[in-house]
Chemist: 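Have a look at this one.
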Amino acid sequence: MRVRVLGAGIVGLVVADELVRRGHSVEVVDPAPVSGASFAAAGMLSPAAEVWWGEEEVLRLGFDSLEQWPALAERCGVRLDTGGTLLVGHDAGDLQEVARQADLLARLGREVVPLEPRALREREPALGRVAGGVLLPGEGSVDPRAVSAALLHALADRVVPAPTSPCEVSVVATGSALPEPWSSLVRGVRGEVLRLRGDDAPRGVVRGWVAGEPIYLVPRGDGRVVVGATTEEHAGGPVVTAGGVVRLLAGARTLWPAADRAEFVEATARDRPATPDGLPLVGPSGVDGVLLAAGHHRHGVLLAPLTAQLVADHLEHGLVDPALDPRRFAAHDHPTPVEPSPSGDVPQ
Ligand code: GLY
């Protein structure tokens, strides 16, 4: 098929890569590739560390997509960290948050390894004083900028600033800036992140609570560390705020005291594309010939390979994951109810 992907963020690029691999003719249209949420993203591949009550479906999708990351990272020639996420609490109240999340994960049948402070520090010597924590095995991170650069290189002149040829299908992957009539399905949730570079960086991803504030540290394995992230519903543009920087630095320094000596490389703010139910929009848009692959909120990097598979499977076999079907927000438009098959997929 001749497919036009609108948006060269990590979702659009991974979708395009998958479609090219499956033999389709692809054009990716974006006047400013990788300038949205993908540019800010830390690249956590941490479905369990990012889950919260009411988001169980994201966990299922996240683990499905995580399985696809090793092959994608290898194709891109980028480093993949799968050493696990440490979920830590700085004080007793923070540890309660960790315990609540561990409890949720245990109920959902996910592996959680409790660690005493001493065991935590043995595993992560750079860690500051913490009350305790758990290890979430198998999770990790990838550098979204490195992945995007590799995919832009591989897609080469298929990536263009404006459409050049007719297409049979369009895939809208423009994150939090959806065109009409879908714009109201996604709202921007500002996230600010910092990029530091220092000696004695953490070895793996650390997600923690410090005095009630969530924070994460995502090391790249070469001294670079991404510190994230603020989360704020707002009406204005995604600017870096003084308060955001102060909060992130304070939390980072508590969990990683050597942050004090780190070089401050960058502060970035972008909008995460959030949907009303917290799940992405992947599949038929309700308009013939237009698919959506957007609204991934906190999980764009993690869910990119699964999204690509779902888009390609829809184009080739008509499959749709009902949980992600963009038409769920216009249920009255469905002529017949969608019945999931045992595999979770439904022919359309
Ligand atoms: N997944 C990281 C974030 O949204 O901040």
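These numbers come from a predicted model, not from an experiment. Just so you know, ligand 1 is whichever comes first in the structure, and atom 1 is the first atom listed for that ligand.
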Chemist: Give the residue and atom name of whichever protein heavy atom lies nearest to atom 3 (C) of ligand 1, and the separation in Å to one decimal.
Modeler: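 Of every protein heavy atom, Y216 OH, 3.1 Å lies nearest to atom 3 (C) of ligand 1.
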Chemist: Flag the pair R79 and D222 as a salt bridge only when some basic side-chain nitrogen lies within less than 4.0 angstrom of an acidic carboxylate oxygen.
Modeler: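 Salt bridge between R79 and D222, a charged N being under 4.0 Å from a carboxylate O: no.
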Chemist: For E168, look at atom CD and say whether over 12 heavy atoms of other residues, nucleotides or ligands are found less than 6.0 Å away.
Modeler: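 Yes, the 6.0 Å shell around CD holds more than 12 heavy atoms from other groups.
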Chemist: How close does the nearest protein non-hydrogen atom get to atom 4 (O) of ligand 1, and which residue and atom is it?
Modeler: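 Of every protein heavy atom, R272 NE, 2.7 Å lies nearest to atom 4 (O) of ligand 1.
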Chemist: Going by the atom numbers of ligand 1, which of them fall below 4.0 Å from some non-hydrogen atom of A229?
Modeler: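 With A229 as reference, the close atoms of ligand 1 come out as 5 (O).
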Chemist: Rounded to the nearest 0.5 Å, how far does CG of L6 lie from CG of D30?
Modeler: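 So the CG of D30 and the CG of L6 are separated by 9.0 Å.
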Chemist: To which protein heavy atom is atom 1 (N) of ligand 1 closest, and what is the distance rounded to 0.1 Å?
Modeler: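 Nearest neighbour among protein heavy atoms for atom 1 (N) of ligand 1, to 0.1 Å: E50 OE2, 2.6 Å.
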Chemist: Would you mind checking if R22 and D313 are paired as a salt bridge, meaning a charged N to carboxylate O distance below 4.0 Å?
Modeler: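 Salt bridge flag = yes for R22 with D313.
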